[in-house]
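Numbered from 1 within each chain, the chains take letters A, B, ... in sequence-line order.
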Protein chains: 2
Amino acid sequence: MSLRYGLLGLLAEGPASGYDLTRRFEEVLGPVWPAQHPKIYAELGRLTTDGLIEVDSYGPRGRKAYRITEDGLAAVRTWLAEAEVDHTMRLEPLLRSFFFWLMTPEQLGDHLVREQEFFAAMARRYQTYAEAKDRGEYGHSPQTQSMRVAVEAGVRVYEALAGWAEWAEWARTVPPAKP
Amino acid sequence: MSLRYGLLGLLAEGPASGYDLTRRFEEVLGPVWPAQHPKIYAELGRLTTDGLIEVDSYGPRGRKAYRITEDGLAAVRTWLAEAEVDHTMRLEPLLRSFFFWLMTPEQLGDHLVREQEFFAAMARRYQTYAEAKDRGEYGHSPQTQSMRVAVEAGVRVYEALAGWAEWAEWARTVPPAKP
DNA sequence: CTTCCTCGTGTCCCTAGGTACATGTCCTGT
DNA sequence: ACAGGACATGTACCTAGGGACACGAGGAAG
C-alpha cells in the first residue's frame, strides 16, 4: 500500500506523469522506498479507477500527466494521520552481520571497510543536500521543509551505520580482554 | 534469496526445526528481516532438494530438525564473501516524512512524539541485550560475538532515528529564522 | 480425565516487487 | 540526413512476502 500513498504524496505537490514519478522515486525516495516504472504505471491505473487521481493533461510522446483529486488528497491525509506505521526495516547488511563469524578475518575486514565507505559516502551525499537546502537553494515551501526533515534522517541513519561498521572493524581487531 | 541464506546461517550454528527457525527469525532477525513460517517451511523444502541441508532427526509431534551440509556451509560462505550487498532500506517511517507537510501541526507533533518513543524504546531494548552480552551472559562463542555486532547496529540505528524524531519535533516547533 | 496451551508442520491464495521485453517519439548534435 | 539518446508508456512473467486456513500431538494444570 505504501507505493500508492507515495504516489499520492508526490502528486499532492503538483501534476506529474508516470515518467516524472518514476524519476522522483529513484532519485528521492529510492533509498527508502524503491519502485520501478512497471509498478508505478500499474498503480496509476488503479488510482485513476478509484478516482483518487485523474488525467491532468496530455503531452508529446503520449505523455499523460496526472493530478490528485479531492478524494486522493483526503486519502493520503487519512493514511498519514490514522494508518499504523509499519516499522519493519529490511536491511540486508544487518542480516549479514549475524553471520560474520562464518567469514575469514580477511574477508570480514574487507567487507567492513567497504561497508563503512559506502555508508559514509551516503551520509556525505545527504549532508550535501541538507546544506543546499539550508542555504535556501530549494526555497522554503512546506514541501522542501519536509524534504529537509527526510534528508536529515538519511544523514543520521547513514552516519550511524558508518560509525557501526567502523566500530565493528575496531572491535574485530581489538577484541575485548578476556577475564 | 536472503531468506535462504538467513536459514543457512542459522543452521550453521547447529541443527534446528522449522519451528525453531521461525521463532529465531521473529525474535532475533525479525526487525531486519521478517519471515513467517509458511515461507520458512517452503524454503527448507527447497534447500533439502538442493542438498544444502538434510534432515538431522525426527522428534515428537512430527518435529523435523535439519542439519546444514558441507555444500550448504560452502553456499553461505560464498554468499557472505562474494555476493553483492543489497543496500536498499525499505523504511516506511522515512517515506512518510516526505509527506509531513500534508499533516496538521497537531497530527505531526503527535506522530513525531510517538515515533520518538518507539525508536527510543527499541534502542533501549538492544542496549539491554548488548549489556547482557558484554557481561558474558551468552558466552563468548564466535556466534555470540557476531550477534553482539548486530545488536550494536540496532542500538545505533534506533538511537539515530530517535534523535531524528526529536530533532524534527524541535525543528517544527522552532522553525529557522527567515532572513 | 479433560481442557488448554504450546509445539509443530503444512497448504492456499492474494498482493507486492522486480526483471525482461516491447514499442514508439521527439530532440540534439554531427 | 541520420544516428543516438532521453523521453514516454506499457505488458508479461516470475519470485517474494504475508495473511488465512487447516490439522494434529504432547504436556501441564486443574
Side-chain angles (χ1 to χ4, degrees), chain A residues 1-8 10-11 15-27 29-50 53-66 79 83-84 86-92 95, chain B residues 1-8 10-11 15-27 29-50 53-66 79 83-84 86-92 95:
Chain A
M1 280 292 88
S2 295
L3 170 61
R4 156 162 281 217
Y5 295 109
L7 291 171
L8 285 174
L10 289 178
L11 285 169
S17 69
Y19 190 80
D20 295 338
L21 293 164
T22 302
R23 288 200 317 180
R24 296 216 51 198
F25 253 92
E26 74 175 59
E27 283 166 16
L29 306 179
V32 290
W33 209 270
Q36 293 72 25
H37 78 268
K39 277 286 138 184
I40 291 176
Y41 286 114
E43 190 62 46
L44 287 172
R46 259 170 270 143
L47 284 164
T48 309
T49 310
D50 296 349
I53 61 173
E54 54 196 21
V55 175
D56 179 68
S57 64
Y58 295 90
R61 283 170 278 204
R63 178 190 166 91
K64 265 191 290 181
Y66 292 90
W79 175 69
E84 201 157 334
D86 176 6
H87 286 104
T88 51
M89 180 189 314
R90 206 174 272 277
L91 203 47
E92 213 210 66
L95 177 67
Chain B
M1 279 292 89
S2 295
L3 171 61
R4 157 161 282 218
Y5 295 108
L7 290 171
L8 285 174
L10 289 178
L11 285 169
S17 69
Y19 190 80
D20 297 339
L21 293 164
T22 302
R23 287 202 314 181
R24 297 217 50 198
F25 253 92
E26 74 175 58
E27 283 166 15
L29 305 180
V32 289
W33 209 270
Q36 291 74 26
H37 78 268
K39 275 285 139 187
I40 290 176
Y41 287 112
E43 191 62 47
L44 287 172
R46 259 170 270 142
L47 284 165
T48 308
T49 309
D50 296 349
I53 61 173
E54 54 196 22
V55 175
D56 179 67
S57 64
Y58 296 90
R61 280 171 278 206
R63 177 191 168 91
K64 265 191 290 179
Y66 293 89
W79 175 69
E84 202 157 335
D86 176 7
H87 286 104
T88 51
M89 179 189 316
R90 206 173 271 279
L91 203 47
E92 211 210 68
L95 177 67

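Between A/R24 atom CZ and D/dC7 atom C1' the separation is 18 Å, expressed in whole Å. Atom OH in A/Y58 sits roughly 11 Å away from atom P in D/dT9 (whole-Å rounding). If you take CG of A/L44 and C1' of D/dT11, they are 15 Å apart, rounded to a whole angstrom. Put simply, CZ on B/R61 is 4 Å from C1' on D/dG26, counting in whole angstrom units. The CZ-C1' distance, from A/R46 to D/dT9, rounds to 16 Å in whole Å. Atoms CG (B/D86) and C1' (D/dT15) sit 15 Å apart, rounded to a whole Å. Atoms NE2 (B/H37) and P (D/dC23) sit 14 Å apart, rounded to a whole Å. In this entry the distance linking CD of A/E27 with P of D/dA6 reads 13 Å, nearest Å.
No side-chain heavy atom of A/L21 sits less than 4.5 Å from a side-chain heavy atom of A/E43. Within the 4.5 Å cutoff, no side-chain heavy atoms of A/L95 are placed close to those of B/Y5. No side-chain heavy atom of B/L7 sits less than 4.5 Å from a side-chain heavy atom of B/R46.
At least one side-chain nitrogen or oxygen of B/R90 sits closer than 4.0 Å to the OP1 or OP2 atom of C/dG18. An OP1 or OP2 oxygen of C/dT19 is reached within less than 4.0 angstrom by no side-chain nitrogen or oxygen of A/K39. Phosphate contact (OP1/OP2 of D/dG10, side-chain N/O of A/Y41, threshold under 4.0 Å): absent. The side chain of A/Q36 places an N or O atom within less than 4.0 Å of a non-bridging phosphate oxygen (OP1 or OP2) of C/dG18. Contact annotation: B/R63 side-chain N/O to D/dG24 OP1/OP2 distance is not under 4.0 Å. For C/dC7, one of the phosphate oxygens OP1 or OP2 lies less than 4.0 angstrom from a side-chain nitrogen or oxygen of B/Y19. For the pair B/R23 and C/dC7, the criterion of a side-chain N or O lying under 4.0 Å from OP1 or OP2 is met.
At the heavy-atom level, A/P34 lies under 4.0 Å from the strands shown only through sugar-phosphate atoms. Backbone-only engagement by A/S17 is indicated by non-hydrogen atom pairs under 4.0 Å involving sugar-phosphate atoms exclusively. At the heavy-atom level, B/R4 lies nowhere under 4.0 Å from the strands shown.
Residue A/W33 has its side chain nearest to C/dG17 when only C/dA16, C/dG8, C/dG17 are considered. Among the nucleotides C/dG10, D/dG27, C/dA16, the one closest to the side chain of B/Y66 is C/dG10.
Along DNA chain D, the nucleotide nearest to A/P38 and the one nearest to A/P60 differ in position, and the one closer to the 5' end is contacted by A/P60. Nearest-nucleotide positions on DNA chain C for B/K64 and A/A35 put B/K64 closer to the 5' end. In terms of position on DNA chain C, the residue among A/S2 and B/G62 whose nearest nucleotide sits closer to the 5' end is B/G62.
Closest of all the heavy-atom pairs between B/I53 and B/L8 is CG2-CD2, 3.7 Å. Across all non-hydrogen atoms, the minimal contact from A/W33 to B/E92 is CZ3-N, 3.8 Å.
Ion pairing of B/R63 with B/D20 is present here, as a side-chain N (NZ or NE/NH1/NH2) and a carboxylate O approach within less than 4.0 Å.
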